[in-house]
Amino acid sequence: MPKDRKVAKKWTADEYIDDLFQKKDAGKLPMPNPPFFLGMEVFYLPIGQDVLRDIDMKRYERLVSRGAVLQRRYDPTTATHIVSENGAKVTATRLGINSVLDIPEHIRTVNGAFLGHLVSCYGSGTHVRTLPNGRKDYENAHWPGREDFDDPKLAAFTERIKKIEEIPVAPPPQVRRRHGERRLSSPQPPARSDTEDEDEDPRFKRNPTKSRQLPTPSQSSDIISRSSSPGLPPTSSPTPYDDEKADSDPLAEFYSKAREEAELGLNDESEFVDYTNHGHKRGVRTITHTPPSVWSVDNPRPTASCLNQDIIDELERLHLIHSSRPFEEDAWRAFSYKKCIRNIKNHPIRIKNGNEARQIYGVGEKTASKINEFLTTGKISRITHELSKGDVAAVKLFTGIYGVGSHTAYNWYTLGLRTLEDVRRGKGGVKLSPCQETGLKFYDDINLRMPRAEAEEIFLMIKPIALAIDPKLSVDIMGSFRRGKADCGDIDILITRPIHDGKTHAGVMARLWAGLHKARILTEDLALPSNMEDSLECTYRGLCSLPVPDSRRRRIDILMLPWQYRGAALLYYTGDDIFNRAMRFKAGKMGYSLNQRGLYAGVVRNPNKRTEKTNQGNIVASETEEEIFKILGVPWQEPWQRVRGA
DNA sequence: CGGCCGTACTG
DNA sequence: CAGTACG
DNA sequence: GCCG
């Protein structure tokens with residue numbers, strides 16, 4: 001019984017939620033009116049990992065008794081609200097996402113004070129009429145509305161408010177900062193006002209009392225960020241790096257290393273399969289504070305940190321330079337820089353010199369010395385030199401055209417083309433493929449991300465059209481949408497069909513394609529499946545738009561696959577790409593091969609031709625994502641936790 | 001020194 | 001086949 | 001460009 005404080009039962013959140021709903025179902029929970037949380041699905045993130053505070057229990061109860069549904073695990077696809085008293089970084093980490101900015105826009109994020117606020121505003125209901133029989137008439141009642149959750153005093157994360165305001169604004173130009181300069185800290189409104197709330201304990205307002213547990217890197221970086229503007233090092237504040245270092249550095253230092261080493265075939269406590277065959281498993285064991293598993297895919301990565309943002313900006317430039325050049329070596333250099341960037345983003349403490357950078361997995365001698373150059377001189381001469389040539393800018397511009405990669409772009413540059421207008425005019429005699437024509441025509445639209453809501457809206461128009469063709473089709477929206485992202489670069493739809501009645505979805509793609517064009521949802525095709533007519537497995541790529549005036553073109557991919565492959569297909573089509581690579585990499589090291597059709601054992605490859613398979617192998621798993629995770633020894637991760645890239 | 005994911009569509 | 005794209 |  002939660003009320004018996006004397007008994008002092010320690011409740012975990014899950015237990016308490018279960019208990020609450022049991023009571024509610026049994027009619028034992030008092031249900032005060034009005035039920036103004038009806039329709040809300042809340043993920044409440046209490047402070048501390050295990051034992052609930054009294055205040056949290058009280059709030060849980062209040063939420064449930066007023067009609068809210070509580071999520072045991074965060075699910076962005078159904079959540080309407082997140083309540084968190086934690087800082088942005090801790091919250092992001094515990095939601096399994098990179099940043100609170102990845103929380104879909106429609107989900108309101110509020111702090112714990114919101115409950116008291118709502119109760120005080122609406123506690124007895126506003127405009128609720130009491131009927132003669134004593135019951136209440138809620139017909140014209142005034143419920144807490146959007147504005148209540150937008151109240152800055154109740155907003156959990158000011159950065160989300162900022163983000164919503166910023167949406168129409170174009171991305172800011174990259175500002176060069178010299179060494180030693182800090183970013184302008186934008187005037188941040190106070191994160192929270194110390195409201196006089198009925199049940200607020202001021203001790204818990206700000207500091208996530210880092211409870212007796214080992215500090216995690218994200219926790220410590222959270223504290224750093226809160227001591228000044230979000231995500232930035234304190235200007236001259238009393239939180240010197242050394243203090244942080246003393247407490248989180250030794251662990252933090254090698255988290256990304258551990259994760260990355262993992263990716264490359266070191267070990268995992270639970271599995272402990274000797275993938276490397278090197279025999280000295282102990283070396284890894286000496287790391288006592290590592291997360292339970294060290295494979296990259298096994299642990300949701302901690303929050304991105306902006307501590308080393310200036311360094312990352314420089315590495316991004318190096319990445320851009322090399323990805324602009326159509327040579328294989330450059331492609332791999334770009335690959336390396338991307339890896340560096342990922343790992344440095346995960347590095348929870350400020351890098352002070354090249355030596356420190358060199359300790360980070362993925363940062364080699366060359367990059368470390370470049371970082372050192374940047375930290376001492378404020379610039380990297382190599383970057384200045386390379387960028388002065390002008391090819392990088394042109395290639396970047398041209399590769400923005402769908403269907404134009406670094407080779408084509410670089411050729412055009414060599415031919416003297418510099419602008420999109422040059423391309424349009426066919427300068428230098430360049431000819432565009434049909435798909436590139438479309439890419440050029442809708443250059444701006446294609447390079448723009450769409451709000452999550454629009455992706456959903458388009459999907460909800462497509463789904464019934466598909467189901468009209470065959471009501472038994474399974475039609476899902478995948479990609480960044482399924483990962484719960486607030487905005488989507490494209491719409492990914494996976495279609496398949498159960499086989500248990502002996503029928504198939506053969507020919508559906510052709511009919512759907514026609515139907516979607518007729519409905520004016522599909523506007524242009526980029527790549528048609530080779531055989532839409534009767535294949536069970538095909539890919540469509542194209543553009544679509546909401547069939548209303550002035551709507552933008554959006555990229556859409558439709559993938560069809562046999563039912564048996566559904567799990568592997570979900571896995572593939574959900575991504576993200578880095579997560580997929582890591583899974584495939586791990587599969588490879590374990591002697592499997594993973595693709596969108598399944599996990600295969602015994603695949604033999606031609607040692608000369610990398611992609612060529614001498615032996616197809618036997619399918620081991622493919623019907624569900626879970627079995628694939630299980631066989632690969634990867635702890636289950638929800639789609640929105642599968643984020644490895646930026 | 002070789003590997004760095006594995007596949008589908010275009011022309 | 002090379003080039004580009006997808007997650 | 002980094003790693004084994």
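As a basis for the values below, the full set of heavy atoms in this structure was taken, side chains included, without hydrogen atoms, waters or symmetry mates. Each chain gets a letter, A, B and so on, in the order its sequence line appears, and its residues count up from 1.
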*Using modelled atom types only, decide if a donor and an acceptor are shared between the side chain of Asp576(A) and the backbone of Ser480(A) within a distance under 3.5 Å.*
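Answer holds: no.
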*Side-chain donor or acceptor of Glu623(A) paired with backbone N/O of Tyr565(A) under 3.5 Å*: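 Between the backbone of Tyr565(A) and the side chain of Glu623(A) there is no qualifying donor-acceptor contact (under 3.5 Å).
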Sugar-phosphate, base or nothing in reach of [X], heavy atoms under 4.0 Å:
X: Arg555(A); value: sugar-phosphate
X: Ser530(A); value: sugar-phosphate
X: Leu594(A); value: sugar-phosphate
X: Leu571(A); value: nothing
X: Arg483(A); value: sugar-phosphate
X: Leu315(A); value: nothing

_Quiz question: going by heavy-atom distance under 3.5 Å, is there a donor-acceptor pair between the base of dC6(C) and the side chain of Tyr572(A)?_
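Result: at least one qualifying N/O pair found.
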Does [N] have OP1 or OP2 sitting under 4.0 Å from an N or O in the side chain of [X]?
X: His407(A); N: dT4(C); answer: yes
X: Lys338(A); N: dC2(D); answer: no
X: Arg597(A); N: dA8(B); answer: yes

Starting at atom [atom1] of [X], determine the distance to atom [atom2] of [N], rounded to an integer number of angstrom.
X: Asn595(A); N: dC6(C); atom1: CG; atom2: C1'; value: 14 Å
X: Gln596(A); N: dC6(C); atom1: CD; atom2: C1'; value: 9 Å
X: Ile360(A); N: dC3(D); atom1: CD1; atom2: P; value: 11 Å
X: Lys589(A); N: dC5(B); atom1: NZ; atom2: P; value: 10 Å
X: Lys431(A); N: dG11(B); atom1: NZ; atom2: P; value: 15 Å
X: Met509(A); N: dA8(B); atom1: CE; atom2: P; value: 13 Å
X: Asp577(A); N: dT4(C); atom1: CG; atom2: C1'; value: 15 Å
X: Tyr592(A); N: dC5(B); atom1: OH; atom2: P; value: 20 Å

*Using the test salt bridge (charged side-chain N to carboxylate O under 4.0 Å, His left out), find all partners of Glu421(A) that sit at least two apart in sequence or belong to another chain.*
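Here the qualifying residues are Arg424(A).
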_Using the salt bridge (charged side-chain N to carboxylate O under 4.0 Å, His left out) criterion, which residues pair with Asp445(A)? Sequence neighbours excluded._
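Residues passing salt bridge (charged side-chain N to carboxylate O under 4.0 Å, His left out) with Asp445(A): Arg552(A).
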*Does a side-chain N-to-carboxylate-O contact under 4.0 Å join Glu625(A) and Arg482(A)?*
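Here Glu625(A) pairs with Arg482(A) in a salt bridge, since their nearest N and O are under 4.0 Å apart.
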_Nucleic acid contacts - residues 322-335 of chain A versus DNA chain B, non-hydrogen atoms under 4.0 Å_ =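 The answer is Trp332(A), Phe335(A).
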Nearest of [options] to any side-chain atom of [X]?
X: Ser336(A); options: dG1(D), dC9(B), dC6(C); answer: dG1(D)
X: Tyr337(A); options: dC6(C), dG1(D), dT10(B); answer: dG1(D)
X: Arg541(A); options: dC9(B), dC6(C), dG1(D); answer: dC6(C)
X: Thr539(A); options: dC5(B), dA8(B), dC2(D); answer: dA8(B)
X: Ser433(A); options: dG7(C), dG11(B), dC9(B); answer: dG11(B)
X: Thr408(A); options: dC4(B), dC2(D), dT4(C); answer: dT4(C)
X: Cys538(A); options: dA8(B), dC3(D), dC9(B); answer: dC9(B)

*Please list, chain by chain and in numerical order, all residues satisfying side chain to side chain donor-acceptor pair (under 3.5 Å) with Ser406(A), sequence neighbours excluded.*
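Not a single residue meets the side chain to side chain donor-acceptor pair (under 3.5 Å) criterion with Ser406(A).
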*Between Gly588(A) and Pro434(A), which is nearer to the 5' end of DNA chain B once each is assigned its nearest nucleotide?*
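This one resolves to Gly588(A).
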Residues 363-371 of chain A side chain polar contacts: donor-acceptor under 3.5 Å, at least two apart:
from      : atom 1 : to        : atom 2 : distance (Å)
Ser369(A) : OG     : Lys366(A) : O      : 3.3

*Under the side-chain contact (heavy atoms from CB on, under 4.5 Å) test, residues paired with Asp490(A) that sit two or more places apart*: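 Result, side-chain contact (heavy atoms from CB on, under 4.5 Å) vs Asp490(A): Asp492(A), Arg555(A), Asp557(A).
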*Take Lys441(A) and Glu524(A) through the salt bridge (Lys or Arg N to Asp or Glu O under 4.0 Å) test and state the conclusion after the steps.*
CA-CA 11 Å; Lys441(A) 192 165 168 193; Glu524(A) 288 81 19; 5.2 Å; no
_Taking the P atom in each of dC5(B) and dG4(D), what is the distance between them to the nearest angstrom?_
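Each nucleotide's P atom is 15 Å from the other's.
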